Amino acid sequence: MSTPHFMVLVPAASTLKSLLRPALVSAAFFMLLTGIAYPLATAMLGTALFPEQAKGSLIQRDGHVVGSRQIGQYFSQPQYFHGRPSATLGADPADPSRSLAQPYNAAASGASNQGVLSQSLLEAVAERSKAYRVMNGLADDAKVPVDAVTASASGLDPHISIANARLQAARVARVRGMSLAQVQVLLDRYTSGRQLGVLGEPRVQVLELNLALDMAKAVQPAVR
């Protein structure tokens, strides 16, 4: 009985050995290709063709990095233009097992995942609309731009719509003691058109606009 059993095991062991080598070679090859060669090639190509974007589209002032053109920052003081609401979360310093709201937390990009029928979303939009109208001196029934009361899919959107920016311009000008025309000049300077002339909508870069306002008229910096 032992001889037939031995004769069955030998081919099985031989087959396993013949499959193991190509499997290991294939795994090593694709690890080198996709884990090392491809990332290095794309990083080198990206740095060569798009050096600023590859380095994070960083914004510097007086030799210090103050932000990125691709990541928004939270502004709440009246002398600044305000970005879109952000639904990003972060760990509670008092209890790391819990999360709390941390607007524009780049380490936890994400949306609220609330649908149009969500009661929580409807209540949040109503509350934000009311606060927006009060902040900008609008009538109770004034229409509010959708990007002023809803968060983006990433929670990090650095832009706002032109309609949103124009409704905030009068408030910013008044608080800073500037004319509306002065603020409008800066607003136009940091407005981008549609990509390739057809994609997306015209938009305003909030961080760069606020930095330009600080340079044009010194005020107390915002707490970010």
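This is a predicted model, so every value here is computed, not measured.
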Spell out, as yes or no, whether a donor-acceptor pair under 3.5 Å connects the side chain of Ser154 to the backbone of Ser109. no
What distance do Asp157 atom CG and Ile71 atom CD1 have between them, rounded to the nearest 0.5 Å? 11.5 Å
Quick one: does Pro158's side chain get under 4.5 Å of Gln205's, heavy atoms only? yes
For residues Gln168 and Arg171, report the shortest heavy-atom separation together with the two atoms involved. OE1-NH2, 2.8 Å
Would you say CD of Glu127 has more than 12 non-hydrogen atoms from neighbouring residues, nucleotides or ligands within 6.0 angstrom? no
I need the Ile160 CD1 to Thr191 OG1 distance, nearest 0.5 Å. 9.0 Å
Side-chain (Gln70) to main-chain (Gln53) donor-acceptor, under 3.5 angstrom: no
Using modelled atom types only, decide if a donor and an acceptor are shared between the side chain of Thr34 and the backbone of Phe30 within a distance under 3.5 Å. yes
4.5 Å side-chain heavy-atom contact, Gln102 and Tyr74: no
So, taking the atom named CZ in Arg203 and the one named CZ in Arg194, what distance separates them when rounded to the nearest 0.5 Å? 10.0 Å
For residues Val146 and Val125: do they belong to one hydrophobic cluster (side chain heavy atoms under 4.5 Å, members Ile, Leu, Val, Met, Phe, Trp, Tyr)? no
Just wondering, do Leu213 and Gln79 contact through their side chains at under 4.5 Å, heavy atoms? no
Is it the case that atom CG in Asp140 sees more than 12 heavy atoms from other parts of the structure closer than 6.0 Å? no
Less than 4.5 Å apart, any side-chain heavy atom of Arg84 and any of Thr150? yes
Which atom names give the shortest non-hydrogen contact between Val144 and Ser129, and what distance separates them? CG2-O, 4.2 Å
Would you say Val206 and Met178 are hydrophobically clustered, going by side-chain heavy atoms of ILVMFWY under 4.5 Å? yes
Residues Ala111 and Ser152: closest non-hydrogen pair is CB-O, 4.0 Å
N/O donor-acceptor pair under 3.5 Å between His82 side chain and Gln77 backbone: yes
Among the clusters formed by ILVMFWY side chains lying less than 4.5 Å apart, do Leu211 and Leu209 turn up in the same one? yes
Over all heavy atoms of both residues, which pair between Ser179 and Gln182 is shortest? Give the atoms and the distance, please. N-OE1, 2.9 Å
Quick check for you: to the nearest 0.5 Å, what is the distance between Gln114 atom CD and Glu123 atom CD? 10.0 Å
Let me confirm one number: the CD-CZ distance from Glu208 to Arg61, rounded to the nearest 0.5 Å. 7.0 Å
Has Thr88 got a side-chain atom pairing as donor or acceptor with Tyr104's backbone, closer than 3.5 angstrom? yes
Salt bridge (Lys or Arg N to Asp or Glu O under 4.0 Å) evaluation trace for Arg176 with Asp214: CA-CA 9 Å; Arg176 287 179 174 270; Asp214 279 348; 3.0 Å; yes
Checking side-chain contact (heavy atoms from CB on, under 4.5 Å) against Phe81, which of Asn210, Leu186, Val204, Asn164 comes through? Asn210
Heavy-atom donor-acceptor pair, Asn136 side chain to Leu138 backbone, under 3.5 Å: no
Using a 6.0 Å cut-off, check whether atom CG of Leu40 has over 12 heavy atoms from anything other than its own residue. yes
For Ala87 and Ser112, which heavy atoms make the closest approach, and how far apart are they? CB-N, 3.8 Å
Cluster question for you: counting only ILVMFWY and a side-chain heavy-atom cut-off of under 4.5 Å, with indirect links fine, are Val66 and Phe75 together? yes
Hydrophobic clustering (ILVMFWY, side-chain heavy atoms < 4.5 Å, transitive) - are Tyr80 and Met135 grouped together? no
Side chains of Ser68 and Leu207: closer than 4.5 Å at any heavy-atom pair? no
Heavy-atom pair with the smallest gap, counting every atom of Pro39 and Leu33: CD-O, 4.3 Å
Rounded to the nearest 0.5 Å, what separation is found between the CG atom of Asp92 and the CG atom of Leu100? 4.5 Å
